[in-house]
Amino acid sequence: MNSFKENIYKIVKEIPRGRTITYKEVARLVGRPNAWRAVGNVLNGNKDSNIPCHRVIRSDGKIGGYNKGARKKRSLLEKEGVL
DNA sequence: CGTATGACGTGCA
DNA sequence: GTGCACGCCATAC
């Protein structure tokens with residue numbers, strides 16, 4: 001179970017509360033610094049609430065998107081102290 | 001197996 | 001400074 005997808009889940013799960021990272025950073029951590037494209041794709045298919053995928057934002061500092069709604073994602077980040 | 005898509009990123013006008 | 005278009009990887013169908 002060491003697929004690209006599994007790696008992303010692991011990385012995102014390792015993100016400490018109050019800390020956010022960009023899709024590019026995640027891709028780099030999984031060993032595919034040029035696959036940030038697929039990173040967002042995998043997270044998109046992620047329906048596991050156990051994964052704080054809401055802590056993964058764009059490189060522009062924007063929220064990006066979220067399965068439950070980008071608006072909710074922004075709310076969660078603010079609640080964690082990520083302004 | 002092959003094609004198309006997507007929670008993106010960067011470059012250029 | 002803002003907007004548009006292209007390119008990229010992996011997954012899903």
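Sequence lines set the chain letters: A, B, ... in the order given, protein chains first and strands last, and positions in each chain run from 1.
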Self-check item: Charged N-O contact under 4.0 Å between A:Arg58 and A:Asp60
Solution: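 Answer for the salt bridge query: yes.
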d([atom1], [X]; [atom2], [N]) in whole Å:
| X | N | atom1 | atom2 | result |
| --- | --- | --- | --- | --- |
| A:Asn44 | C:dT11 | CG | P | 14 Å |
| A:Ile21 | B:dA7 | CD1 | P | 19 Å |
| A:Asn46 | C:dA12 | CG | P | 12 Å |
| A:Arg71 | B:dA7 | CZ | P | 19 Å |
| A:Lys73 | B:dC8 | NZ | C1' | 11 Å |
| A:Arg28 | B:dG9 | CZ | P | 14 Å |
| A:Lys47 | B:dA7 | NZ | P | 16 Å |
| A:Asn7 | C:dC9 | CG | P | 17 Å |

Practice problem: Could you check A:Lys10 against A:Glu6 for salt bridge (charged side-chain N to carboxylate O under 4.0 Å, His left out), going step by step and ending with a plain yes or no? | Solution: CA-CA 6 Å; A:Lys10 190 167 192 160; A:Glu6 293 296 322; over 6 Å; no
Quiz item: Is a donor-acceptor contact shorter than 3.5 angstrom present between the side chain of A:Tyr66 and the base of B:dA7?
Solution: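 There is none.
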Exercise. Give a yes/no on whether any side-chain N or O of A:Arg58 is located under 4.0 angstrom from OP1 or OP2 of B:dA7.
Key: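 No, A:Arg58 has no side-chain N/O under 4.0 Å of OP1/OP2 on B:dA7.
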Quiz item: Should A:Lys24 be listed as having a side-chain N or O under 4.0 Å from OP1 or OP2 of B:dT10?
Solution: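 It does, given that an N or O in the side chain of A:Lys24 lies less than 4.0 Å from OP1 or OP2 of B:dT10.
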Exercise. For the pair A:Arg55 and A:Glu80, evaluate salt bridge (charged side-chain N to carboxylate O under 4.0 Å, His left out) and give the outcome as yes or no after the intermediate values.
Key: CA-CA 10 Å; A:Arg55 285 182 193 148; A:Glu80 295 196 350; 2.8 Å; yes
Quiz item: Counting any heavy atom closer than 4.0 Å, what does A:Asn41 reach on the DNA or RNA strands: base, sugar-phosphate only, or nothing?
Solution: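 Answer is base: heavy atoms of A:Asn41 come under 4.0 Å of a base.
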Practice problem: Using a 4.0 Å heavy-atom cut-off across all strands, classify A:Ala38 as base, sugar-phosphate, or nothing. | Solution: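 It contacts base atoms.
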Quiz item: Taking all atoms of both residues into account, what is the closest heavy-atom pair of A:Val39 and A:Ile8, and its distance?
Solution: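 Closest heavy-atom pair between A:Val39 and A:Ile8: CA-CD1, 3.7 Å.
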Quiz prompt | Step-by-step side-chain contact (heavy atoms from CB on, under 4.5 Å) determination, A:Leu77 to A:His54 | solution = CA-CA 7 Å; A:Leu77 291 171; A:His54 64 262; 4.1 Å; yes
I want to verify a distance call: between [options], whose nearest atom is closest to the [X] side chain?
| X | options | value |
| --- | --- | --- |
| A:Leu43 | B:dA7, C:dA12, B:dC8 | B:dA7 |
| A:Trp36 | C:dA10, B:dA7, B:dG9 | B:dG9 |
| A:Phe4 | C:dA12, B:dA7, C:dA10 | C:dA10 |

Exercise. Return the 5'-most residue of the pair A:Asp60, A:Val39 with respect to DNA chain B, ranking by each residue's nearest nucleotide.
Key: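 Between the two, 5'-proximity favours A:Val39.
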